[in-house]
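Everything on this sheet refers to the single structure shown next.
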Amino acid sequence: MNTRQQGEQGERVAEDYLVAQGMALIARNLRYPNGEVDLVMRDGNYTVFVEVKRRFGTRYGTGREAVTLTKRRRICAVALRYLRANGLLGTATRFDVVEIHGEVINHLPNAFPYTPPARGRGFF
């Protein structure tokens, strides 16, 4: 199984886990030219943008450590575009991370706040 297939499998595991927790899937692999978000979910009144990180060891750190400032900015830029396009600006939104390490799934709700692009870096 290549890296891409492993990532897709991790996203399916995360999706199944979140649905079992009562969340509803809105979109998978939401892509815009400025980035992508693995899963968009509905949790009550919240639109939740989920980054999934699957790890097979600790050599490269934890999943949450891989969600760098640059990655957060890209996720938030995609989220903002999605919210604008769907008339959802001003609604409840959060950014979650799901770490998968072997059989262990760790869901980190509200893992980071909205992070705007760096000054002078137009993501749109």
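All values below were derived from every heavy atom in this structure, side-chain atoms included, with hydrogens, water molecules and symmetry-related copies excluded.
Of the candidates R54, R64, K53, R64 is the only one forming a side-chain hydrogen bond (donor to acceptor under 3.5 Å, both in side chains) with E99.
When all heavy atoms of V40 and L30 are compared, the closest pair comes out as CG2-CD2, 3.8 Å. For C76 against T115, the heavy-atom pair with the smallest separation is SG-N, 3.2 Å.
Under the 4.5 Å side-chain heavy-atom criterion for Ile, Leu, Val, Met, Phe, Trp and Tyr, L89 and F49 are members of the same hydrophobic cluster.
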Problem - Trace of the side-chain contact (heavy atoms from CB on, under 4.5 Å) decision for L83 with R81 - result: CA-CA 6 Å; L83 294 168; R81 255 192 155 165; over 6 Å; no
Handout entry: Evaluation steps, side-chain contact (heavy atoms from CB on, under 4.5 Å), between V37 and F95
Key = CA-CA 10 Å; V37 172; F95 301 93; over 6 Å; no
Practice task
Go through the steps to decide whether E36 and V78 satisfy the test side-chain contact (heavy atoms from CB on, under 4.5 Å), and finish with yes or no.
Solution key: CA-CA 6 Å; E36 69 90 31; V78 169; 5.5 Å; no
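L80 contributes atom CG, which lies 10.0 Å from atom OH of Y32 (distance to the nearest 0.5 angstrom). Distance CG/D96 to CG/L18: 7.5 Å, rounded to 0.5 Å. Distance CD1/I26 to OH/Y82: 4.5 Å, rounded to 0.5 Å. Taken from CZ in F112 to CZ in R94, the straight-line distance is 11.5 Å, to the nearest 0.5 Å. Distance check, rounded to the nearest 0.5 Å: OG1 of T91 to CG of N45 gives 9.0 Å. Interatomic distance, CG of N29 versus CG of L39, reported as 7.5 Å (0.5 Å rounding).
Using cut-offs of 30° and 60° on the angle between ring planes, the pair Y17 and H107 is perpendicular.
Contact check on E11 versus R28 returns no salt bridge, with no Lys/Arg side-chain nitrogen under 4.0 Å from an Asp/Glu carboxylate oxygen.
Using a 4.5 Å cut-off on side-chain heavy atoms (C-beta onward), K71 and L69 make no contact. R42 has its side chain within reach of T47: a pair of non-hydrogen atoms, C-beta onward, lies under 4.5 Å apart.
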